[in-house]
Amino acid sequence: EDQVTQSPEALRLQEGESSSLNCSYTVSGLRGLFWYRQDPGKGPEFLFTLYSAGEEKEKERLKATLTKKESFLHITAPKPEDSATYLCAVKSGGSYIPTFGRGTSLIVHP
Amino acid sequence: NAGVTQTPKFQVLKTGQSMTLQCAQDMNHNSMYWYRQDPGMGLRLIYYSASEGTTDKGEVPNGYNVSRLNKREFSLRLESAAPSQTSVYFCASSSTGDTEAFFGQGTRLTVV
């Protein structure tokens with residue numbers, strides 16, 4: 001059974017204070033790891049897909065990296081508008097079913 | 001650019017009532033999903049449809065039924081609503097089973 005654990009559950013940062021969110025996973029044959037951003041009262045919004053260890057993707061202040069056991073979402077010089085819940089999901093083997101972590105709630109104070 | 005559209009956005013039901021949540025996507029995606037999201041539980045898959053004409057149970061299917069009406073539409077039905085089904089429901093779609101999912105804005109359902 002696929003497992004995804006995100007840490008920390010909640011993170012408070014000052015504007016400009018860089019940090020990383022962690023997504024640890026246990027799967028049999030990773031087919032893809034996905035990062036989403038979810039704002040209050042809205043559906044998750046796709047950010048990145050990573051397929052193999054060593055892969056990195058960047059978008060503005062966000063950078064996602066992948067190893068064989070975990071993924072990090074690095075946030076460089078965050079702004080208050082980066083405040084959201086960040087979700088990680090994995091797909092493995094022959095399954096169409098993604099497994100989601102419970103998310104990290106990020107608050108960036110001005 | 002509608003993406004994934006869910007209706008209604010909010011609904012209050014009495015215990016025992018039935019209702020259908022509607023979902024439509026305009027991205028020509030093959031796979032569609034229904035999730036529920038509860039505080040502290042994250043997103044849990046109720047049902048999914050890998051392609052038109054097929055549906056399969058997810059993690060929490062009890063009390064729900066689905067219909068993949070055509071490639072665009074995937075509906076979720078609650079036959080006899082229970083307070084435990086109070087939740088936020090999200091529909092999502094993806095091009096294939098390997099690609100990222102796009103989510104609707106959600107339906108906030110309260111069963112009293």
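Labels below follow one simple rule: chain letters A, B, ... track the order of the sequence lines, proteins then strands, and each chain is numbered from 1.
Here CG of B:Leu45 is found 9.0 Å from OG1 of A:Thr99. Values are rounded to the nearest 0.5 Å.
Within 6.0 Å of the CZ atom in A:Arg12, the count of heavy atoms belonging to other residues, nucleotides or ligands does not exceed 12. The 12-atom threshold is not exceeded at CD of A:Glu1, counting heavy atoms of other residues, nucleotides or ligands nearer than 6.0 Å.
With a 4.5 Å cut-off on side-chain heavy atoms, A:Thr49 and B:Thr99 do not count as touching.
Chosen from B:Arg108, B:Glu100, B:Gln6, the residue pairing most often with chain A at heavy-atom distances under 4.5 Å is B:Glu100.
Annotation for B:Gly40 and A:Arg102: closest pair O-NH1, 3.0 Å, computed over non-hydrogen atoms. What you find for A:Pro98 and B:Tyr35 is that their closest heavy atoms are CG-OH, 2.9 Å. Closest of all the heavy-atom pairs between B:Ala101 and A:Phe46 is O-CB, 4.1 Å.
Hydrophobic cluster membership is shared by A:Leu66 and A:Phe48, with clusters built from Ile, Leu, Val, Met, Phe, Trp and Tyr side chains linked at under 4.5 angstrom. Hydrophobic clustering of Ile, Leu, Val, Met, Phe, Trp and Tyr side chains at less than 4.5 Å, counting indirect connections, keeps A:Leu87 apart from A:Leu50. Transitive grouping of hydrophobic side chains (ILVMFWY, heavy atoms separated by less than 4.5 Å) keeps A:Leu30 and A:Phe72 in distinct clusters. Under the 4.5 Å side-chain heavy-atom criterion for grouping Ile, Leu, Val, Met, Phe, Trp and Tyr, B:Leu43 is not connected to B:Tyr89 through any hydrophobic cluster. Note on A:Val108: it clusters hydrophobically with A:Leu73, by side-chain heavy-atom contacts below 4.5 Å among ILVMFWY residues.
Between B:Phe103 and A:Tyr36, the distance from one ring center to the other falls under 6.0 angstrom.
Proximity to chain B (any heavy atom under 4.5 Å) is restricted, for A:Gln38, to the side chain, taken from C-beta onward. Neither the backbone nor the side chain of B:Ala92 comes within contact range of chain A; no heavy atoms are under 4.5 Å apart.
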